[in-house]
Number of protein chains: 2
Amino acid sequence: MPRIGMEPLRRKALVDATLRTIGQQGSLDVTMSEIAREAGVSPALAHHYFGSKQQLLVATIRSLLARLRTDAVAALENVETPRERLSAIIRVSFQADQFAPETVAAWLAFYVEAQRSEEVRRLLIIYARRLRSNLLDSLERLCPPDDAARIAEGVAAMIDGLYIRQSLRSAPIGSTASVTLTEDYLDLQLRPFLRQDEPGTLAPNPSHRRGE
Amino acid sequence: MPRIGMEPLRRKALVDATLRTIGQQGSLDVTMSEIAREAGVSPALAHHYFGSKQQLLVATIRSLLARLRTDAVAALENVETPRERLSAIIRVSFQADQFAPETVAAWLAFYVEAQRSEEVRRLLIIYARRLRSNLLDSLERLCPPDDAARIAEGVAAMIDGLYIRQSLRSAPIGSTASVTLTEDYLDLQLRPFLRQDEPGTLAPNPSHRRGE
DNA sequence: TGTTATTGATTGATCAGTCAATCAAAGATA
DNA sequence: TATCTTTGATTGACTGATCAATCAATAACA
């Protein structure tokens, strides 16, 4: 069986298995044995490649972040206007693979781990900052900096809030409904800054423009 | 040492110690020994009164919920108008003791545990439902039911989102800023339903009315 | 005496991490 | 081509530590 050049394959398999195991179990309390079994290798091999469980976890978070970044970059290319870029950012956050129960559970578990591990905390802060600065870039083209900062904070909070509520799975809000809710918030916040000659600006309520 | 009638005292001491330990550690990975030490008793006594670690955790969540309920009831009594009740609900959510880092960390940890334990999940759903129905009661007096449901969802998401972002402690938003952000959202959403003869209805932006 | 409170000591299970050994392939040598 | 050497891949078996849970024993009360 042993072919050479297995390292990258095994590393990827183990990271993916970690994510899957954590997602299924909904917690970081997963054993190296479970992960290794899921990846189809022995626990000893996982230690061989990653040194420790903590390092495997960190590698897994990095992979989550990388996936999110890839999705975001893809969603933002060829999108020019600030308002459309904002919509793209929101759409990515609630995109199917990011909003899947296992992914949400994994994110949640990592937030808890961030309370203990400085390294995990740093990684999650990177995510928060990236979201924030993506939002700010576009918002500052649409309104004054103070308002941009405030609105970015609100949108980010709403995205994270819809995420965590998803994790409970009581009265789950769908992906499209989440997008709608966030878009409505954005529309309302931006309305005072719209040029008044645009149509529809004073419609009483924007909430039902998109399908639920 | 042994006096009779210790049971209620010990139970409370252990539940409080559990909350404190989880809050400090930022995770449910706390040992019975740590909890017992924090409460000033032996680990065996914790088992004696609660039977198992899981039951002690559940009792701790119940106590969190009870505290929240007490705060909410207190905040809502003598508050009559729907709009003021909404403000009271928001204020309670970000009240100092609820927004303290240890409390936030504990809530977060319990959200993760809800992925594994049906009982914990049920308890957290109770919280989510209570928040939702409190919001709905007032909102339905201010706007049509469809909009009330949508706005309640948005406010709840924003509250939970500000909470979870607090747990990361990067660029932490203060309690007052969180209240402001949520209130602004509410104001904007409700504006279309305000009676037009009220003053200030069309002011361009409500964001700086309260101190940051 | 019987009941409640309390603990130290112990058990049994679980797990992360280690290690020595095995296996297969890729050169290297002749 | 046949044989030796090296190196990467892989595992089973083991260790040491940790921890929830149990229990028998003790101490204070009624």
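These figures come from a predicted structure and were not determined experimentally. Below, chains carry the letters A, B, ... as their sequence lines are ordered, and counting in each starts from 1.
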Colleague: Mind listing the closest non-hydrogen atom pair of A:Ala59 and A:Phe50 along with its distance?
Modeller: CB-CE2, 3.7 Å
Colleague: If you count every heavy atom of other residues, nucleotides or ligands that lies below 6.0 Å from B:Arg130 atom CZ, does the total exceed 12?
Modeller: yes
Colleague: Closest heavy-atom contact between B:Ser52 and B:His47?
Modeller: CA-CD2, 4.2 Å
Colleague: Sub-3.5 Å donor-acceptor pair from the side chain of B:Thr60 to the main-chain atoms of B:Leu56, do we have one?
Modeller: yes
Colleague: Tell me the ring-ring contact (aromatic ring centres under 6.0 Å, His included) pairs involving residues 56-86 of chain B, sequence neighbours left out?
Modeller: none
Colleague: Taking the side chain as C-beta and beyond, is there a heavy-atom pair between A:Ile159 and A:Tyr185 under 4.5 Å?
Modeller: no
Colleague: Check whether A:Arg85 reaches the backbone of A:Val79 with its side chain - one donor and one acceptor, N or O, closer than 3.5 Å.
Modeller: yes
Colleague: Is any side-chain heavy atom of B:Thr103 less than 4.5 Å from a side-chain heavy atom of B:Asp97?
Modeller: no
Colleague: Looking only at the aromatic ring of each residue, does the gap between the centers of B:Tyr163 and B:Phe99 stay below 6.0 angstrom?
Modeller: yes
Colleague: Can a side-chain donor-acceptor contact be found between A:Glu183 and A:Ser87 if the only test is distance below 3.5 angstrom?
Modeller: yes
Colleague: Enter the inter-axis angle for the ends of the helix from C:dT1-D:dA30 to C:dA30-D:dT1 (five pairs per end, rounded to 10°).
Modeller: 10°
Colleague: Looking at DNA chain D, which of residues 7-29 of chain A put a heavy atom within less than 4.0 Å of it?
Modeller: A:Glu7, A:Arg10
Colleague: Within residues 31-38 of chain A, find the residues that approach DNA chain C with a heavy atom at under 4.0 Å, and present them sorted by residue number.
Modeller: A:Thr31, A:Met32
Colleague: What pairs meet the ring-ring contact (aromatic ring centres under 6.0 Å, His included) rule with one or both residues in residues 66-92 of chain A, with sequence neighbours excluded?
Modeller: none
Colleague: Give the residues of residues 43-63 of chain B touching DNA chain C, defined as any heavy atom closer than 4.0 Å, sorted by residue number.
Modeller: B:Ala44, B:Leu45, B:His48, B:Tyr49
Colleague: Specify the closest pair of heavy atoms between B:Leu139 and B:Ala152, including all atoms of both residues, with the distance to one decimal.
Modeller: CD1-N, 3.5 Å
